[in-house]
Amino acid sequence: MKNNPVVPYILILAFGIGLIFFMSLQGADNKKEIAAEHEGGETTETTDATDDGAALVQSCIGCHGGDLTGSMGPNLHGLEEDHIVDVLVNGIEGTPMQPNMKTEAEAKAIAEYISTLE
């Protein structure tokens, strides 16, 4: 008896459909988080107010450089803590710094960390 050459294709098709099905279930579980990210809102993930500012500042590196001395964004060294908190919470119109980028607690932790840099 000859093997049917269609069987491997049917198995691959069934595997692919199953994979797509399970991936869509995963996406449905993350629907709220994904929607919040695309709308620019906050995700359901929370950050503890006691988090280290050095860890939180990782999102700043893309624009302000690895040492935060400026790149696409300005140098952050020497800025006052109140100004940093204000920008992170209220944003700056016409720049990538949008309102509500960080919570008040996160903004304070970041500001405290940046104020220690020289």
Side-chain angles (χ1 to χ4, degrees):
M1 270 174 48
K2 281 185 156 182
N3 288 337
N4 191 344
V6 177
V7 172
Y9 295 109
I10 292 173
L11 291 174
I12 292 171
L13 176 67
F15 177 75
I17 291 172
L19 182 63
I20 291 169
F21 175 74
F22 288 112
M23 288 177 67
S24 68
L25 289 177
Q26 178 67 28
D29 289 341
N30 298 333
K31 185 176 172 182
K32 288 181 182 178
E33 291 179 21
I34 293 168
E37 288 174 9
H38 287 293
E39 292 173 3
E42 292 186 24
T43 61
T44 56
E45 183 178 316
T46 58
T47 304
D48 190 1
T50 60
D51 280 347
D52 182 22
L56 291 171
V57 85
Q58 293 299 314
S59 60
C60 307
I61 291 173
C63 294
H64 297 281
D67 57 358
L68 304 178
T69 57
S71 179
M72 184 174 73
N75 183 356
L76 300 180
H77 293 220
L79 294 177
E80 295 180 12
E81 286 185 35
D82 293 338
H83 177 69
I84 296 169
V85 171
D86 179 54
V87 169
L88 290 171
V89 173
N90 300 317
I92 300 174
E93 190 173 328
T95 70
M97 298 298 297
Q98 299 299 312
N100 301 315
M101 289 188 73
K102 300 290 182 189
T103 65
E104 186 83 24
E106 291 172 330
K108 287 180 181 179
I110 291 170
E112 288 174 11
Y113 172 75
I114 291 174
S115 67
T116 65
L117 301 176
E118 293 182 12

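Only heavy atoms go into these numbers, but all of them, side chains included; no hydrogens, no water, no symmetry mates.
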**Study point:** Cluster companions of V7 among Ile, Leu, Val, Met, Phe, Trp, Tyr (side-chain spacing under 4.5 Å)
**Key:**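 Members alongside V7: L11.
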
Point to revise | Members sharing I17's hydrophobic cluster (side chains within less than 4.5 Å) | key: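 Traced through the cluster, I17 reaches L13.
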
Minimum-distance pair of heavy atoms, taken over all atoms of [X] and [Y]:
X	Y	result
V87	M97	CG1-CE, 3.5 Å
G66	I61	CA-CG2, 3.7 Å
V85	A111	CG2-CB, 3.7 Å
T95	I92	OG1-O, 2.7 Å

Check your understanding: Can you hop from I110 to Y113 via hydrophobic side chains spaced under 4.5 Å?
Key ->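 Per the 4.5 Å side-chain linkage, I110 and Y113 are co-clustered.
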
Measuring from atom [atom1] of [X] to atom [atom2] of [Y], what distance do you get when rounded to the nearest 0.5 angstrom?
X	Y	atom1	atom2	value
C63	L76	SG	CG	10.0 Å
H64	I114	NE2	CD1	7.5 Å
K108	L88	NZ	CG	12.5 Å

Check your understanding: What residues, two or more places apart in sequence or in another chain, satisfy side-chain contact (heavy atoms from CB on, under 4.5 Å) together with N90?
Key ->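 side-chain contact (heavy atoms from CB on, under 4.5 Å) list for N90, sorted by chain: D86.
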
Practice item. Under the side-chain contact (heavy atoms from CB on, under 4.5 Å) rule, collect the residues that match up with S115, sequence neighbours excluded. Key: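 Residues passing side-chain contact (heavy atoms from CB on, under 4.5 Å) with S115: E81.
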
Exercise for review: For E104, enumerate each residue passing the side-chain hydrogen bond (donor to acceptor under 3.5 Å, both in side chains) test, keeping only those at least two apart in sequence or located in another chain.
Suggested key: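 Partners of E104 under the side-chain hydrogen bond (donor to acceptor under 3.5 Å, both in side chains) test: none.
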
